[in-house]
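Reading through the structure tokens given below for one structure.
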There are 2 protein chains.
Amino acid sequence: MLSVIKEGIPAIDNSSLVDKVEASLVQLLQQQKLKIGDPIPKEMELATTLGVSRTVIREALLRLRMMGLIESKKKKGAVITSPDVFGNISKSMNPYILDQETLKEMFELRLVLEIGMADLLFNRVKKEDIEELKRIVANEPPVTQYHLFNIEHEIAFHGKLYEISGNKTMKKFQKMLLPIFDYVHNSGILKEQPFITTFVSHKGLVDILEKGDADKFRAGMRNHLENHFKRLF
Amino acid sequence: MLSVIKEGIPAIDNSSLVDKVEASLVQLLQQQKLKIGDPIPKEMELATTLGVSRTVIREALLRLRMMGLIESKKKKGAVITSPDVFGNISKSMNPYILDQETLKEMFELRLVLEIGMADLLFNRVKKEDIEELKRIVANEPPVTQYHLFNIEHEIAFHGKLYEISGNKTMKKFQKMLLPIFDYVHNSGILKEQPFITTFVSHKGLVDILEKGDADKFRAGMRNHLENHFKRLF
DNA sequence: AAATGTATTATGTCAGACATAATAAAATTA
DNA sequence: TAATTTTATTATGTCTGACATAATACATTT
């Protein structure tokens with residue numbers, strides 16, 4: 001059998017030229033400790049240096065660009081950028097492209113994030129934030145007719161929370177999640193919207209954020225999102 | 001002033017040819033309701049149909065491939081795939097590429113997720129899951145010397161939780177976050193590791209998952225992660 | 001010195017060619 | 001005839017060379 005000599009056979013590299021160049025470039029970016037904004041060598045230089053055609057270089061650079069590692073400008077060449085982790089996948093975050101399973105999981109993800117972020121909020125919230133939240137809440141319709149699910153107020157309020165969390169990555173994540181959440185909410189993926197039960201209002205959450213603690217906020221947020229959770233389980 | 005005629009000037013199309021082709025292709029994928037595995041037209045066909053060179057088509061296709069929308073095979077052409085939202089950015093999730101701010105935020109993100117996932121766990125956990133968790137916990141070192149922070153046990157336990165959550169997207173997300181978390185944990189980005197205080201152990205969490213409720217679990221998990229939180233604030 | 005025009009440069013796009021791997025078709029063999 | 005091998009086909013991968021275009025630097029003019 002082949003198994004005898006199998007050991008001696010090195011794993012053949014199935015990677016294409018572009019793959020190698022890409023790895024090479026990533027390594028370059030890591031090693032050289034280049035600062036953000038620093039230019040990387042021109043396409044032709046890279047091509048001659050690495051001994052491949054410009055086509056291959058371009059494709060590899062394109063990948064880096066998609067990964068958010070570089071940004072190419074005409075004439076100026078490509079410069080290093082701080083990778084925007086989620087910015088780049090937001091394009092593929094299209095409700096019409098993702099399958100229902102994934103869409104539902106995105107929906108869940110938002111709920112998980114907002115319940116779990118309590119500690120970040122309490123450790124970073126400022127007086128001005130509370131005031132702005134109160135201002136936002138003041139403009140909301142009364143709870144009795146809140147089942148209209150005013151999307152704008154939802155975004156204003158919950159978006160502000162993400163902001164308070166001080167976690168920009170999470171905020172970007174939310175921004176990406178928003179259209180998905182909205183789509184799932186209005187599509188037939190989830191169970192029917194249940195009759196509205198009483199729940200902690202936005203105002204209630206602000207109160208907790210002002211006078212309560214993280215544990216109370218988690219419970220409050222969980223309750224606030226009850227109508228969403230009901231549609232999951 | 002120009003402002004008079006400014007209104008009449010349409011926003012010039014700053015997008016490149018590739019941009020347009022990309023948009024065109026994405027639209028194609030959405031409209032035609034193509035099933036997963038269906039092939040899309042060959043590069044040359046697209047080139048002639050859309051009236052651009054094969055180079056442009058290739059670059060646009062490459063973008064779709066990076067977004068995880070298609071997968072190209074030799075001879076067979078490109079086929080539609082279910083986009084793996086996070087799988088594609090895992091490459092750029094390199095600790096050495098991301099800036100410290102983002103790294104820290106990723107660290108936080110994990111904490112947020114694990115506290116917020118309680119409801120998913122309680123609604124989806126099965127008897128077998130509890131048993132497996134118990135098995136995992138049984139193999140762990142005693143709490144007294146737990147400060148060794150055995151990474152393997154950490155991954156085994158917490159990874160299982162993500163699995164129980166039934167949210168594959170979140171699990172992928174965790175998988176992507178893992179190396180980041182480990183890196184941040186061991187780097188100088190965070191505050192010094194505090195002296196270990198008592199906290200809810202893995203075993204304690206399993207107990208809660210078996211007999212408690214979501215609220216208790218959140219509090220327990222928050223406490224379990226206390227040593228991580230201490231390094232943040 | 002400010003505004004304008006010109007030259008340069010690096011990316012964007014094009015076209016055509018060959019290499020390569022995966023598949024389909026044909027030929028061979030048992 | 002069925003199974004295997006050989007050959008042909010096909011679509012992507014890579015290469016080369018060229019021109020277009022936009023951003024910048026330089027020179028010119030006012």
Side-chain angles (χ1 to χ4, degrees), chain A residues 1-2 9-25 28-29 34 36-81 88 91, chain B residues 1-2 9-26 28-29 34 37-81 88 91:
Chain A
M1 302 304 271
L2 275 174
I9 299 179
I12 56 132
D13 58 338
N14 199 13
S15 61
S16 70
L17 250 182
V18 179
D19 291 329
K20 289 165 194 157
V21 172
E22 178 197 344
S24 205
L25 289 177
L28 178 82
L29 296 200
L34 297 172
I36 292 173
D38 284 357
I40 65 175
K42 319 302 173 195
E43 292 179 355
M44 275 313 294
E45 292 179 43
L46 289 172
T48 52
T49 303
L50 296 177
V52 296
S53 74
R54 193 178 148 223
T55 310
V56 173
I57 296 289
R58 274 186 66 76
E59 195 159 326
L61 285 179
L62 175 58
R63 291 190 188 175
L64 298 197
R65 204 158 60 223
M66 292 246 74
M67 287 193 266
L69 296 184
I70 62 171
E71 227 169 61
S72 12
K73 297 262 179 187
K74 284 202 170 182
K75 164 83 177 186
K76 212 46 188 302
V79 298
I80 298 181
T81 62
N88 306 102
K91 268 187 221 162
Chain B
M1 301 302 272
L2 273 175
I9 299 178
I12 57 128
D13 193 4
N14 200 16
S15 63
S16 71
L17 251 181
V18 179
D19 291 329
K20 289 167 194 155
V21 172
E22 179 197 344
S24 205
L25 289 177
V26 169
L28 179 82
L29 296 200
L34 297 172
D38 285 357
I40 65 176
K42 320 302 172 193
E43 291 179 354
M44 275 313 293
E45 291 178 43
L46 289 172
T48 52
T49 303
L50 296 177
V52 296
S53 75
R54 192 177 149 222
T55 309
V56 173
I57 296 290
R58 275 186 66 77
E59 195 161 325
L61 285 179
L62 176 58
R63 291 190 189 176
L64 298 196
R65 203 158 60 224
M66 292 242 73
M67 286 193 270
L69 297 184
I70 63 171
E71 226 169 63
S72 13
K73 296 265 178 189
K74 286 202 169 180
K75 165 83 178 187
K76 211 54 191 294
V79 298
I80 298 181
T81 62
N88 307 102
K91 268 189 221 162

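Lettering follows sequence order; numbering is per chain, from 1.
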Euclidean distance, atom CE of residue B:M44 to atom P of C:dA17 [Å, nearest integer]: 12 Å
Check: B:R54 side chain, C:dG16 base, donor-acceptor under 3.5 Å: no
Distance in angstrom units between A:L62 CG and C:dT13 P, rounded: 11 Å
Worked verdict on A:E22 versus A:I57 for side-chain contact (heavy atoms from CB on, under 4.5 Å): CA-CA 8 Å; A:E22 178 197 344; A:I57 296 289; over 6 Å; no
Protein-nucleotide distance (B:R65, atom CZ; D:dT12, atom C1'), rounded to Å: 9 Å
Flag side-chain contact, heavy atom, 4.5 Å: A:L50 against A:S24: yes
Proximal nucleotide (of C:dC14, D:dG13, D:dC15) relative to the B:S53 side chain: C:dC14
B:R58 vs D:dT12: side-chain N/O to OP1/OP2 distance below 4.0 Å: no
Electrostatic pair A:R65:A:E71 at N-O distance under 4.0 angstrom: no
Closest to the B:V56 side chain, choosing from D:dT12, C:dC14, C:dA10: C:dC14
Out of D:dT12, C:dC14, D:dC15, whichever nucleotide has its closest atom nearest the side chain of B:E43: D:dT12
Euclidean distance, atom CD of residue A:E59 to atom P of D:dG13 [Å, nearest integer]: 7 Å
Atom-pair distance (CD1 on A:I70; C1' on C:dA10), nearest Å: 13 Å
Interatomic distance, B:E71 CD vs D:dA11 P [rounded to whole Å]: 19 Å
Length of the NZ-C1' vector between A:K42 and C:dA10, whole Å: 7 Å
